[in-house]
Undergrad: 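This is the structure I want to talk about, given as structure tokens.
Note: hydrogens, waters and symmetry copies are ignored here, and every other heavy atom, side chains too, is used. Start at 1 and go down the list; that is how both ligands and their atoms are numbered.
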Amino acid sequence: MTDGWFEEKLFPHVRQTFEITRTLFRERTEHQDLVIFETPTFGRVLALDDIVQVTEKDEYVYHEMMTHVPILAHGKVRKVLIIGGGDGGILREALKHKVEKVTMVEIDRGVVDMCLKYMPSIPVKAFADKRTDLVIDDGAKFMAKAGEKYDVIVVDSTDPIGPGEVLFTEEFYRNCRQRLTDSGILVNQNGVPFMQDSEVTMTYKRRRKHFKDTGFYVAAVPTYYGGFMTLGWASPNPKNRAVPQAAIEARYKAARLKTKYYTPAIHKAAFALPRFVESLF
Ligand code: SAM
């Protein structure tokens, strides 16, 4: 951060900068460098190790698409597991559904605490919901243990550098399959293919060994630089991806969801990938 500007350092030869009106918090936690700052255009922004994680202005795009696509495709979700997601956005969206329990395994308590304090519009009351079960742990270690199964697993991790790296391994995906019900769905943050094409190829190869249906869908998140991002999809049940739009619409209406990006039409359209992305896997 220099002279009133935050510079994101995700890519070697390209950087995006945000004007800072106020730095609200900065600390090196046990796991990563955590900063929350205010900007004129995107509201408050959380960055970890100089990589933009979430902004108040555009968080709904990613959180709605990572949550409602798998839950509405599945249709009868009782238990959701979130790996990462410490800002609480996925948790907030998942709790809008009639689920029994949402377990969140987040490695860094500091992210939860600071987002509750400085970016309350994201978690809102999700962490206080009686269905929320917050576990502070490494998601890879949590998945390696035997335990209850989930209908949807959302891997809302940082990029595959630093603490997030273990959440992109084949072993992690294999363990996710063991903890998923037979009609369950795993979705994961899979980077911006225009800038991070190897992440598409890498995760596809690792996931397809353990899931009958493996693919991607896309969402356009303005502050994830480089065009739309890919969200990884994996399920033992190929039918989950083929649910007709009319059924998705009926489930959306029944759930009485209020969304700003997600629509049943975008749900289906998001799986239509450009040729250059298809050629990556
Ligand atoms: N939406 C963002 C994105 O697409 O990059 C991710 C946001 S969320 C803040 C990412 C979270 O993953 C962080 O809170 C970080 O602490 C957490 N995380 C990273 N590695 C982890 C691990 N091994 N186990 C659990 N949580 C982890």
Undergrad: Does Asp138, backbone or side chain, put an N or O under 3.5 Å from an N or O of ligand 1?
TA: yes
Undergrad: Look at ligand 1 and say whether Tyr224 reaches it with a heavy atom at a distance under 4.0 Å.
TA: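 Right, Tyr224 reaches ligand 1.
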Undergrad: Answer yes or no: does an N/O atom from Gly139 fall short of 3.5 Å to an N/O atom of ligand 1?
TA: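 Right, the criterion is met.
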Undergrad: Against ligand 1, does Glu165 come closer than 4.0 Å with any heavy atom?
TA: no
Undergrad: How far is atom 19 (C) of ligand 1 from its nearest protein heavy atom, and which residue and atom is that?
TA: Thr158 OG1, 3.3 Å
Undergrad: Which one holds for Ile107 and ligand 1: side chain close, backbone close, both close, or neither close, with close meaning a heavy atom under 4.0 Å?
TA: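 The part of Ile107 near ligand 1 is both the backbone and the side chain.
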Undergrad: Looking at ligand 1, does any of its N/O atoms fall within less than 3.5 Å of an N/O of Asp156?
TA: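 Between Asp156 and ligand 1 (N or O atoms, distance only) the closest approach is under 3.5 Å.
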Undergrad: Would Tyr173 and Thr203 count as having a side-chain donor-acceptor pair, cut-off 3.5 Å?
TA: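 Looking only at side-chain atoms, Thr203 and Tyr173 do not form any donor-acceptor pair under 3.5 Å.
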Undergrad: State if Val54 counts as touching ligand 1 under the rule of any non-hydrogen atom under 4.0 Å.
TA: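 Contact check Val54 vs ligand 1: negative.
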Undergrad: Within the side chain of Arg208, is there an N or O that forms a donor-acceptor pair under 3.5 Å with the backbone of Asp213?
TA: no
Undergrad: For ligand 1, which is the ligand I care about here, please tell me if Asp108 has any N or O atom under 3.5 Å from one of the ligand's N or O atoms.
TA: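 The answer is no, given that Asp108 and ligand 1 share no N or O pair closer than 3.5 Å.
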Undergrad: Looking only at side chains, do Asn190 and Tyr204 share a donor and an acceptor under 3.5 Å apart?
TA: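 Side chains of Asn190 and Tyr204: no pair found under 3.5 Å.
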Undergrad: How far is atom 23 (N) of ligand 1 from its nearest protein heavy atom, and which residue and atom name does that atom have?
TA: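 Residue, atom and distance for the closest contact: Pro163 O, 3.0 Å.
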Undergrad: To which protein heavy atom is atom 14 (O) of ligand 1 closest, and what is the distance rounded to 0.1 Å?
TA: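 Here the nearest protein heavy atom works out to Glu106 OE1, 2.7 Å.
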Undergrad: Starting from atom 9 (C) of ligand 1, locate the nearest protein heavy atom and write down its residue, its atom name and how far away it is, to 0.1 Å.
TA: Asp87 OD2, 3.4 Å
Undergrad: Does the separation of the ring centres of Phe211 and Trp233 fall below 6.0 angstrom?
TA: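 Distance test on ring centres: not under 6.0 Å, no.
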Undergrad: Using a 4.0 Å heavy-atom cut-off, say whether Leu167 meets ligand 1 through its side chain, its backbone, both or neither.
TA: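 Side chain only.
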Undergrad: Is the Phe228-Phe194 ring centre distance short of 6.0 angstrom?
TA: no
Undergrad: Can you tell me if Ala140 has a non-hydrogen atom under 4.0 Å from ligand 1?
TA: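 Not so, Ala140 does not reach ligand 1.
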Undergrad: Between Gln189 and ligand 1, which part of the residue brings a heavy atom under 4.0 Å of the ligand: side chain, backbone, both or neither?
TA: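 Within the 4.0 Å criterion, Gln189 contacts ligand 1 through side-chain atoms alone.
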Undergrad: I'd like to know if Val221 contacts ligand 1, where contact means a heavy-atom distance under 4.0 Å to any ligand atom.
TA: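 In this structure, Val221 fails to qualify as a contact of ligand 1 - no heavy atom is under 4.0 Å.
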